[in-house]
Amino acid sequence: MKYFMIEITYTAPIEKIDETLKFHREFLQTGYDQNILLLSGPQNPRSGGIIIARAKTLDEIKAFFKNDPYQQRGQADYRFVEFSPVKHAKMVDSWIELD
């Protein structure tokens, strides 16, 4: 399994982001239901968001985020950063699959 930090940067006015927020969060819930996502939330100041996710490949996680309403409406840019979680809190043992 590969692990990713996804940085979402808004490209639309915050009013448009707010109109889409409910649908974005419903989309994220599908990732939580599939055990793909671990954490998500807005940046401070509110210029975008950060997500911690996992997938078999970078292409797989990018394909998942193509369904994000922010991306479908052209309201945000996405940056995918793969990382290796060599240390983590015991509480996430069941989410992290160590090689």
### Message
Checking side-chain polar atoms at under 3.5 Å, does Gln75 have a donor or acceptor matched by the opposite partner on Thr20?
### Response
yes

### Message
Taking the basic N atoms (NZ, or NE/NH1/NH2) and the acidic carboxylate oxygens, is any pair closer than 4.0 Å for Asp68 and Arg25?
### Response
no

### Query
Does Lys62 come within less than 4.0 Å of Asp59, counting only side-chain N to carboxylate O?
no

From [X] [atom1] over to [Y] [atom2], what is the distance, rounded to the nearest 0.5 angstrom?
X     : Y     : atom1 : atom2 : answer
Ile96 : His88 : CD1   : NE2   : 5.5 Å
Glu15 : Asp18 : CD    : CG    : 7.0 Å
Leu28 : Leu37 : CG    : CG    : 6.0 Å
Lys66 : Ile61 : NZ    : CD1   : 12.5 Å
Lys16 : Tyr10 : NZ    : OH    : 15.5 Å
Glu26 : His24 : CD    : NE2   : 11.5 Å

Quick one: closest heavy-atom pair of [X] and [Y], and the distance?
X     : Y     : value
Ala76 : Thr11 : N-OG1, 3.2 Å
Arg54 : Phe4  : CA-CD1, 4.4 Å
Pro69 : Phe27 : CD-CB, 3.6 Å
Ile36 : Trp95 : O-CZ2, 3.3 Å
Lys2  : Thr57 : CD-CA, 4.1 Å

### Query
With a 4.5 Å limit on heavy-atom distance, are the side chains of Tyr32 and Leu38 in contact?
no

Shared hydrophobic cluster for [X] and [Y] (ILVMFWY, side-chain gaps under 4.5 Å):
X     : Y     : value
Ile6  : Ile52 : no
Leu39 : Tyr70 : no
Phe64 : Val81 : no

#### Entry: side-chain contact (heavy atoms from CB on, under 4.5 Å) evaluation trace for Phe23 with Arg73
CA-CA 11 Å; Phe23 305 107; Arg73 297 177 185 192; 3.8 Å; yes

### Message
If you apply the rule side-chain contact (heavy atoms from CB on, under 4.5 Å), what do you find for Ile51 with Ile8, and how did you get there?
### Response
CA-CA 8 Å; Ile51 300 168; Ile8 298 173; 3.7 Å; yes

### Task
For the pair Phe65 and Tyr78, name the ring-plane relationship: parallel under 30°, tilted 30 to 60°, perpendicular over 60°.
tilted

### Query
Do the ring planes of Tyr3 and Phe83 sit parallel (below 30°), tilted (30 to 60°) or perpendicular (above 60°)?
tilted

